[in-house]
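This report refers to the structure that appears directly beneath it.
Quantities reported herein were computed from a predicted structural model and do not represent experimental measurements. We're numbering straight along the sequence, starting at 1.
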Amino acid sequence: MRRTKQELRNRRRIRVRARISGTPEKPRISVFRSLTNFEAQFIDDVNGKTIFGMSTRKEKIGKTVEAAKKLGIEFAKKAKEAKISACVFDRKGYTFHGRVKAFAEGAREGGLQF
């Protein structure tokens, strides 16, 4: 029986998540990509807390690849205010392409290291 795209993405998500974890010093960036919006958040897995999150929906910066890059830059600025410079990137099973890649490049441009 053939697996659906969602099942395959879920298997990749579990595989990726098994290898990475966020700490208070080096939190995890978790991204979510829907058809219309892009969301990202910093997570401290040791304490089970979300440090902060941002979305293209809340920031009203659009829905395209360029909007994801702008969100990455703004995300990095907010991380600097929270004194976060290093992190780990959790792509949640999405391919590193398009909006996910643009967000990561924007965050790197903003000064985050991962």
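Remark: the backbone N or O of A18 is not paired with any side-chain donor or acceptor of R15 at under 3.5 angstrom. Listed for the S55 side chain is a donor-acceptor partner under 3.5 Å among the backbone atoms of R57.
Separating the CD atom in E74 from the NZ atom in K77 is a distance of 4.5 Å, to the nearest 0.5 Å. Between the CD1 atom in I43 and the OG1 atom in T23 there is a gap of 13.0 Å [rounded to 0.5 Å]. In this structure, CG on D44 lies 14.0 Å from NZ on K26, to the nearest 0.5 angstrom. Atom CZ in R3 sits 7.0 Å away from atom CG in L8 (nearest 0.5 Å).
Between P24 and P27, the shortest heavy-atom distance links the atoms O-CD, 4.1 Å. The two residues F52 and A79 make their nearest non-hydrogen contact at CZ-N, 3.7 Å.
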Could you pull out all donor-acceptor pairs under 3.5 Å where a side-chain atom in residues 81-91 meets a protein atom, sequence neighbours excluded?
residue	atom	partner	partner atom	Å
D90	OD1	K92	N	3.0
D90	OD2	R28	NH1	2.8
R91	NH1	Y94	O	2.6

Please list, one pair per line, the donor and acceptor atoms closer than 3.5 Å that link side chains of residues 98-114 to other protein atoms, with sequence neighbours excluded.
residue	atom	partner	partner atom	Å
R99	NH1	S34	O	3.1
R99	NH1	N37	O	3.3
R99	NH2	S34	O	2.7
E109	OE2	K69	NZ	3.1

Derivation and outcome, side-chain contact (heavy atoms from CB on, under 4.5 Å), residues L71 and F38: CA-CA 9 Å; L71 183 70; F38 192 84; 3.8 Å; yes
Chi angles and distances behind the side-chain contact (heavy atoms from CB on, under 4.5 Å) call for M54, K78: CA-CA 9 Å; M54 294 179 80; K78 197 167 180 182; 4.1 Å; yes
Chi angles and distances behind the salt bridge (charged side-chain N to carboxylate O under 4.0 Å, His left out) call for R17, D45: CA-CA 11 Å; R17 187 65 185 90; D45 291 315; 3.2 Å; yes
Verdict with reasoning, E66 to T64, per side-chain hydrogen bond (donor to acceptor under 3.5 Å, both in side chains): CA-CA 5 Å; E66 292 83 21; T64 60; 3.0 Å; yes
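Using a cut-off of 4.0 Å between Lys/Arg side-chain N and Asp/Glu carboxylate O, E39 and K58 are scored as not salt-bridged.
With sequence neighbours excluded, no residue forms a ring-ring contact (aromatic ring centres under 6.0 Å, His included) with F32.
One hydrophobic cluster, built from ILVMFWY side chains closer than 4.5 Å, holds both V31 and F96.
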